[in-house]
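Just below is one structure, and these are the notes that go with it.
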Amino acid sequence: MEIKTATFVTSLPRYTSFPGIGLPQIAVAGRSNVGKSSLINSLCKARNLAKTSATPGKTRLINVFLINNAFHLIDLPGYGYAQVSKKEKQSWGTMMEEYFSHSEHLKHVLHLVDIRHEPSNDDKQMNAYLYGHGFPFSVIATKADKLSRAQRGAMLPKLARNLAVQPWEIIPYSSQNNEGRPQLLTRMEEALAMPDELVL
Ligand SMILES: Nc1nc2c(ncn2[C@@H]2O[C@H](COP(=O)(O)OP(=O)(O)O)[C@@H](O)[C@H]2O)c(=O)[nH]1
Ligand SMILES: [Mg+2]
């Protein structure tokens with residue numbers, strides 16, 4: 001698959017209000033600052049399609065992008081930002097619940113984790129949620145450019161063990177040099193081709 005067109009559709013504070021149009025969806029989930037928006041820009045070869053930020057905890061909305069007029073890419077609000085109030089954490093939880101319970105066209109979740117760190121408790125909770133609800137997902141290890149080959153070789157098995165996937169299933173990704181982009185596009189193409197019956 002190649003991405004030929006990518007456009008911003010809308011930002012939603014509540015997923016229930018998205019009319020949807022029956023297109024399949026691929027969602028991007030992960031900690032604040034893990035590189036969700038950067039990955040979307042890298043995938044779409046667009047500099048500013050999704051707004052990136054050096055300050056974590058900025059994306060409080062569900063951002064919807066239309067790709068190739070064929071599917072929606074969903075930038076979910078990040079979790080795990082320490083400086084948020086209990087109330088904000090609750091509203092994040094409500095938004096995610098609303099999204100996952102109304103996303104009948106969701107084909108695949110890209111769960112982004114930082115390749116440099118052992119998964120946080122929030123990462124493990126997200127992983128357990130995806131497993132528990134039977135959502136097909138891939139683990140994408142972001143910021144791969146920040147590690148040497150050797151360091152990476154040591155980290156991938158740790159990530160895999162914590163997130164109950166095989167090390168070779170994880171896609172190391174760099175939004176800086178687009179490493180991992182072809183593999184991720186292939187993974188997305190396969191996910192989009194899955195029959196709906198397999199999506200719980
Ligand atoms: N070196 C490097 N930095 C990255 C990469 N992806 C994201 N970043 C940086 O990490 C910060 C957060 O990225 P952003 O995409 O806004 O994260 P989000 O909160 O998950 O959407 C920004 O300063 C990005 O420039 C990457 O692959 N490599
Ligand atoms: Mg973002």
Side-chain angles (χ1 to χ4, degrees), residues 3 6-15 18 25-67 72-85 88-89 91-93 95-96 99-100 108-127 129-130 137-156 159 163 170-185 187-188:
I3 292 185
T7 50
F8 171 77
V9 178
T10 185
S11 283
L12 305 163
R14 305 282 306 264
Y15 188 73
F18 181 51
Q25 300 188 350
I26 293 180
V28 182
R31 192 172 57 72
S32 290
N33 219 37
V34 71
K36 295 179 294 301
S37 302
S38 302
L39 177 133
I40 289 172
N41 289 336
S42 154
L43 269 180
C44 300
K45 292 195 168 157
R47 207 173 266 272
N48 269 319
L49 183 64
K51 290 190 182 58
T52 63
S53 169
T55 328
K58 286 281 179 225
T59 317
R60 290 269 183 269
L61 298 165
I62 293 174
N63 293 308
V64 181
F65 303 92
L66 175 64
I67 311 298
H72 282 132
L73 197 56
I74 313 288
D75 188 7
L76 292 170
Y79 54 76
Y81 178 48
Q83 264 75 53
V84 300
S85 65
E88 280 177 285
K89 273 188 190 156
S91 87
W92 177 87
M95 279 174 85
M96 295 294 271
Y99 176 68
F100 282 110
H108 205 76
V109 179
L110 306 177
H111 185 198
L112 274 51
V113 295
D114 192 315
I115 200 165
R116 297 168 296 171
H117 309 298
E118 297 247 359
S120 66
N121 284 334
D122 292 314
D123 288 328
K124 290 181 204 168
Q125 267 177 37
M126 186 74 228
N127 176 257
Y129 186 90
L130 295 173
F137 68 92
S138 293
V139 174
I140 314 299
T142 63
K143 312 194 184 184
D145 55 277
K146 298 214 184 206
L147 289 192
S148 68
R149 293 265 153 200
Q151 290 170 318
R152 194 189 288 198
M155 275 314 290
L156 288 179
L159 295 176
L163 302 172
I170 299 176
I171 300 178
Y173 199 99
S174 168
S175 298
Q176 210 156 68
N177 61 28
N178 293 335
E179 182 194 339
R181 188 175 179 278
Q183 292 90 318
L184 182 52
L185 287 172
R187 185 76 58 93
M188 289 166 65

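Order of listing sets the numbers, starting from 1, for every ligand and every atom in it. Please read all numbers here as calculations on a predicted model, not as lab measurements.
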For ligand 1, is there an N or O atom under 3.5 Å from any N or O atom of [X]?
X	result
L39	no
S32	no
S175	yes

> Does G78 have a non-hydrogen atom less than 4.0 Å from ligand 1?
Replying inline: no
>> Tell me whether ligand 1 is touched by T142 - counting only heavy atoms on the residue side and a distance under 4.0 Å.
In response: no
Atoms in ligand 1 flagged as close to [X], the criterion being non-hydrogen separation under 4.0 Å:
X	result
K36	15 (O), 17 (O), 18 (P), 19 (O), 20 (O), 21 (O)
R31	20 (O)
Q176	1 (N), 2 (C), 27 (O)
S174	27 (O)

>> Any heavy-atom pair between the side chains of Q151 and R116 that's under 4.5 Å?
In response: no
>> Could you tell me if the side chain of L159 sits less than 4.5 Å from the side chain of V139, heavy atoms only?
In response: no
> Do F100 and Y129 have ring centres separated by under 6.0 Å?
Replying inline: yes
>> Can you tell me if, anywhere in S37, an N/O/S atom lies at a distance from the Mg ion (ligand 2) that is smaller than 2.8 Å?
In response: yes
>> Heavy atoms only: which of S38, P172, G180 lies closest to atom 13 (O) of ligand 1?
In response: S38
Establish, from distance only, whether the side-chain atoms of [X] and [Y] form a donor-acceptor pair under 3.5 Å.
X	Y	value
N178	Y173	no
D114	T142	no
H111	S138	no

> Per the side chain to side chain contact (heavy atoms under 4.5 Å, CB included) rule, which among I140, I171, I26 passes with R187?
Replying inline: I171
> By side-chain hydrogen bond (donor to acceptor under 3.5 Å, both in side chains), which residues pair with Q125, not counting sequence neighbours?
Replying inline: none
> Where does N33 meet ligand 1, judged by heavy-atom distances below 4.0 Å: at the side chain, the backbone, both, or neither?
Replying inline: both
